[in-house]
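Notes follow the structure.
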Amino acid sequence: QVQLVESGGGLVQAGESLKLSCAASDSSLTTYIRGWFRQAPGKEREFVAAILWGGGTTYYSDSVKGRFTISRDNDDNTVYLEMDRLKPDDTAKYYCVVDTTGRPLVKMTLQNPRRYDYWGQGTQVTVST
């Protein structure tokens, strides 16, 4: 069973930065897409960002575009989420995800949680005013 281990969450003030990391326990895991979702209390799970593992193309939700940066380290099998200019609305539990099946995007979008086969346990990010 593949494990995704997230780290880097915490409590910060608005305007500050955090960097999340997500390491996969199985270095041989077939990976097409890695990404991040988040869920705030009382809200639905929300797509944040994704990266195509082979080519490195990145995708972002409109709410984080220009403030967050997703990146990868293929050698360490790790994905990162650099979060700058954080806002109280960014407060949520952040989940790392992996797509190991590579279904065409036209059939299932990046924003669809069902696309992803593995999910981490989540790391809490809290942004105070």
Checklist entry - Taking only residues two or more places apart in sequence or in another chain, which ones pass side chain to side chain donor-acceptor pair (under 3.5 Å) with D26? => result S28
Item to check | Which residues share a side chain to side chain donor-acceptor pair (under 3.5 Å) with Q121, sequence neighbours left out | outcome: none
Checklist outcome for this item: Students should find that the hydrophobic cluster of M108, defined by side-chain heavy atoms under 4.5 Å apart, otherwise consists of none
Next on the checklist: Under the ring pair (Phe, Tyr, Trp, His ring centres under 6.0 Å) definition, can you give me all pairs with a residue in residues 38-76, not counting sequence neighbours?
Outcome noted: F37-F47
Checklist entry - Any side-chain heavy-atom pair from N77 and R34 closer than 4.5 angstrom? => result yes
Checklist outcome for this item: Residue set satisfying side chain to side chain donor-acceptor pair (under 3.5 Å) with D76, at least two apart, ordered chain then number -> none
Checklist entry - Below 4.5 Å, heavy atoms only, C-beta onward: do L11 and Q124 meet side chain to side chain? => result no
Next on the checklist: If you define the side chain from C-beta out and look only at heavy atoms, does anything of T69 sit under 4.5 Å from L81?
Outcome noted: no
Next on the checklist: I'd like to check I33 versus Y116 (side-chain heavy atoms, cut-off strictly below 4.5 Å). Are they in contact?
Outcome noted: yes
Checklist entry - Side-chain heavy atoms under 4.5 angstrom apart, residues restricted to Ile, Leu, Val, Met, Phe, Trp, Tyr: same cluster for V64 and L86? => result yes
Item to check | Any pair counted as disulfide (SG to SG under 2.5 Å), so long as it reaches residues 71-115, sequence neighbours left out | outcome: C22-C96
Item to check | Which atom of S17 lies closest to which atom of D84, heavy atoms considered | outcome: OG-OD1, 2.8 Å
Checklist entry - Can you hop from I51 to V48 via hydrophobic side chains spaced under 4.5 Å? => result yes
Item to check | Pairs involving residues 108-126, ordered by first then second residue, that meet salt bridge (charged side-chain N to carboxylate O under 4.0 Å, His left out) (sequence neighbours left out) | outcome: D99-R115
Item to check | Pairs meeting criterion salt bridge (charged side-chain N to carboxylate O under 4.0 Å, His left out) with involvement of residues 36-52, two or more places apart | outcome: R38-E46, R38-D90
Checklist entry - Between E6 and W36, does a side-chain contact (heavy atoms from CB on, under 4.5 Å) hold up when you go through it step by step? => result CA-CA 10 Å; E6 299 120 330; W36 295 88; 4.0 Å; yes
Checklist entry - How far apart are the C-alpha atoms of Y118 and T100, what are their side-chain angles, what is the distance that settles it, and do they pass the side-chain contact (heavy atoms from CB on, under 4.5 Å) test? => result CA-CA 8 Å; Y118 295 99; T100 64; 3.9 Å; yes
Next on the checklist: As a quick check of understanding, evaluate side-chain contact (heavy atoms from CB on, under 4.5 Å) for V12 and T126, giving each step before the final call.
Outcome noted: CA-CA 6 Å; V12 296; T126 303; over 6 Å; no
Checklist entry - Does a side-chain heavy-atom distance below 4.5 Å link V79 with I70? => result yes
Next on the checklist: Which residues pass the salt bridge (Lys or Arg N to Asp or Glu O under 4.0 Å) test with R72, not counting sequence neighbours?
Outcome noted: none
Checklist entry - By side chain to side chain donor-acceptor pair (under 3.5 Å), which residues pair with D89, not counting sequence neighbours? => result none
Checklist entry - Quick one: salt bridge (Lys or Arg N to Asp or Glu O under 4.0 Å) partners of D62, sequence neighbours excluded? => result K65
Checklist entry - Nearest heavy-atom pair of G8 and L18: which atoms, and what distance? => result O-CD2, 3.6 Å
Checklist entry - Which heavy atom in P88 sits nearest to a heavy atom in T129, and how many Å separate them? => result CG-CG2, 3.5 Å
Next on the checklist: By the ring pair (Phe, Tyr, Trp, His ring centres under 6.0 Å) test, which pairs, at least two apart or in different chains, include something from residues 80-102?
Outcome noted: none
Next on the checklist: A side-chain contact here means heavy atoms from C-beta on lying under 4.5 Å apart; do M83 and V125 qualify?
Outcome noted: yes
Checklist entry - So, does Q3 use its side chain to make a donor-acceptor pair with the main chain of S25 at under 3.5 Å? => result no
Next on the checklist: Quick check: do L29 and V98 have side-chain heavy atoms less than 4.5 Å from each other?
Outcome noted: yes
Checklist entry - Is a donor on one side and an acceptor on the other found under 3.5 Å between the side chain of S21 and the backbone of S7? => result no
